[in-house]
2 protein chains.
Amino acid sequence: MTTTWLSASEMRAWRNFIESVSTLTTAMENDLAPFGLTNGDYEVLVRLSEAESERLRMCDLATALQLSPSGLTRRLDGLVTTGLVERVACPSDRRVMFAALTPAGHAKLAEAAPDHVASVRKRFFKGLSHEQVQSLGEIFETMRANLTACPS
Amino acid sequence: MTTTWLSASEMRAWRNFIESVSTLTTAMENDLAPFGLTNGDYEVLVRLSEAESERLRMCDLATALQLSPSGLTRRLDGLVTTGLVERVACPSDRRVMFAALTPAGHAKLAEAAPDHVASVRKRFFKGLSHEQVQSLGEIFETMRANLTACPS
DNA sequence: CGAAGAAGGTTGCGTGCGCAAGTAATTGTC
DNA sequence: GACAATTACTTGCGCACGCAACCTTCTTCG
C-alpha cells in the first residue's frame, strides 16, 4: 500500500527538516563570513586538506563537492585570487589541473576550523542526545546510500 | 567540557547530512522539473494553498519561505507570468500586495502534488523505519527551535 | 600509426537570490 | 495636522551556479 499523502509524523519530519536546512545554511554562512569564507569555500579547503599532498584533480573535487565543472572553476577562481588555493598543472596528463592548498590556505583553514566546529555544535547538535546523534548518523547514511542508488 | 573537534559519531552524522541535503535537493528539483516548477515555486504554491483565501501578503510569504523581499518579488514574477499566481492589491493598506493562487495555480499544485509526495517518499523516507521517522521529527523539531532561538 | 571517441577544464549565457537604495503608504509624536 | 520613523514592496547591482558549446589532450581500435 502506498498512500498518496504523508502521515502526520512524516509531515512533521519533512517540514521541520526543510525549515531547518534553510535556516541552518544561512546561519552557518554568517558564522563563516568573518573569515572571508563562504560555506562552499570552506568545503573546498577541507577536502583539499584531507587529500594526498593537499591537492585534488578538478574533476574529483567537483564530484566530491557535488558541483558542476563550471561551478568549480568559478569557485576556485575566487580562492585562487585570494591566494588560498593554487592551480597546478599535471605533468603526466596535460588535460588535468590540480587544485592545491597553499600555505595561506592551510593556515586559513586552521584559523577558521575551531569556530566552524563550534558553529556546527551550536547550530546542529545543540540539544540533541547521544542517541539522537547516533540516529542522525544512521538515518542519513541510509538516505545518502539510497540517494546515490536512485539517480532516476 | 567542550572539545574542539567532532566525535566520530558526530562526524558521521554531519557529513552524511551535508551530503544528503545536497543530493536530495537536486534530485527533487529534477523530479519537479517535468511540471515546469522549481522547488521554490512548489513551496510558494503550497503555502498559498494552505492560506486563508489562498492568498498571503508578500512579507508574510517571504518570512514563511525564508526569502528576502527582493527574492520573493522575483520568484513571484515568474509565477505571475506563467499565470499560477496573481498579485492583488490590498484595499485597506495600499502598501501591501497579496500573492494569490489562481485557478491555474491551484490546478497545477493538484497536478504536481502526488508526484511530489512520491518523490519525498522515494528520496527522503525510503528505507527508514517508523521509529527513525519519529526520531527525525523530534530531532529537527528541536533543531528548528534551537535555530530560531539563536539568531546570534 | 591515424582517426574517432572520450575525458578534463574553461567560457558564454541565462537564472536565482541577497544587499543596498529608492518609492510609496501608514503610523506615531508633538 | 505636519513631520519623522516605520513598513511594504520593487529595482539596480553583483555574485554563484548550471547548461551547452568549445578547446585540448588522452585513449581506443581498426
Side-chain angles (χ1 to χ4, degrees), chain A residues 21-34 36-45 55-82 84-100 151, chain B residues 21-34 36-45 55-82 84-100 151:
Chain A
V21 166
S22 168
T23 317
L24 180 68
T25 323
T26 67
M28 301 213 33
E29 203 82 42
N30 292 336
D31 290 346
L32 221 39
L37 294 174
T38 68
N39 233 316
D41 291 338
Y42 187 86
E43 268 297 316
V44 170
L45 299 186
R55 65 208 184 95
L56 282 173
R57 301 173 359 147
M58 291 291 282
C59 61
D60 295 338
L61 187 52
T63 304
L65 298 176
Q66 312 221 45
L67 218 56
S68 74
S70 63
L72 180 58
T73 294
R74 267 64 179 266
R75 185 178 291 179
L76 229 73
D77 285 345
L79 288 164
V80 167
T81 57
T82 54
L84 304 180
V85 173
E86 61 186 354
R87 290 181 212 263
V88 178
C90 174
S92 65
D93 186 339
R94 292 192 299 181
R95 291 173 300 181
V96 330
M97 294 291 286
F98 287 105
Chain B
V21 166
S22 169
T23 317
L24 180 68
T25 326
T26 67
M28 302 214 32
E29 204 81 44
N30 293 337
D31 290 346
L32 221 40
L37 294 174
T38 68
N39 234 316
D41 291 337
Y42 187 84
E43 268 297 316
V44 171
L45 299 186
R55 67 209 184 95
L56 281 174
R57 305 179 350 153
M58 292 290 283
C59 61
D60 294 338
L61 186 53
T63 304
L65 299 175
Q66 311 222 46
L67 218 56
S68 74
S70 64
L72 179 59
T73 293
R74 266 66 178 264
R75 186 178 291 179
L76 230 73
D77 285 345
L79 288 165
V80 168
T81 57
T82 54
L84 304 180
V85 173
E86 60 186 356
R87 291 180 212 263
V88 178
C90 174
S92 66
D93 186 339
R94 293 192 298 182
R95 290 172 302 181
V96 330
M97 293 292 286
F98 286 104

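Lettering follows sequence order; numbering is per chain, from 1.
In this structure, CG of B:D41 is placed 8 Å from P of C:dG16, rounded to the nearest angstrom. If you measure from atom CG of A:L76 to atom C1' of C:dG8, you get 14 Å, rounded to the nearest angstrom. Rounding to whole angstrom units, CG of residue A:L65 and P of D:dG18 are separated by 10 Å. The interatomic distance linking A:R57 (CZ) with D:dT25 (P) rounds to 16 Å, in whole Å. Atom pair B:L56:CG and D:dA8:C1' shows a separation of 15 Å (rounding to whole Å applied). If you measure from atom CD of A:E43 to atom P of D:dA16, you get 16 Å, rounded to the nearest angstrom. Residue B:R94 contributes atom CZ, which lies 15 Å from atom C1' of D:dT7 at whole-angstrom precision. A straight line from CE of A:M58 to P of D:dC26 spans 17 Å, rounded to a whole angstrom.
What you find for B:V44 and B:L65 is that their closest heavy atoms are CG2-CD1, 3.6 Å.
Comparing D:dG18, D:dT10, C:dG18 by their closest approach to the side chain of B:M97 singles out D:dT10. Residue B:R95 places its side chain closer to C:dA25 than to any other of D:dC26, C:dG8, C:dA25.
Close to C:dG9, at under 4.0 Å from its OP1 or OP2, lies no side-chain N or O of A:R87. Between A:R75 and the phosphate of D:dC17, there is a side-chain N or O to OP1/OP2 separation shorter than 4.0 Å.
Taking for each of B:S68 and A:C59 the nucleotide of DNA chain C with the nearest heavy atom, the 5'-most of the two is the partner of A:C59. The residue among A:N30 and A:S70 whose nearest nucleotide of DNA chain C lies closer to the 5′ end is A:S70. Residue B:D93 is the one, among A:L72 and B:D93, whose nearest nucleotide of DNA chain D lies closer to the 5' end (criterion: closest heavy atom). Each of B:P69 and A:P91 has a nearest nucleotide on DNA chain D; the 5'-most of these lies closest to B:P69.
Put simply, the side chain of B:Q66 never gets that close to the backbone of A:S22: no donor and acceptor are under 3.5 Å apart.
Atoms CD and CG, from B:E43 and B:L61 in turn, are 9.5 Å apart once rounded to the nearest 0.5 Å.
Each of B:E86, B:R87, B:R55, B:R57 was compared with B:M97 under the side chain to side chain contact (heavy atoms under 4.5 Å, CB included) criterion, and only B:R87 meets it.
Nucleic acid contact for B:R74: base, since at least one base atom lies under 4.0 Å from a heavy atom of the residue.
For the residue pair A:T63/A:D60, the side-chain donor-acceptor check at 3.5 Å is not satisfied.
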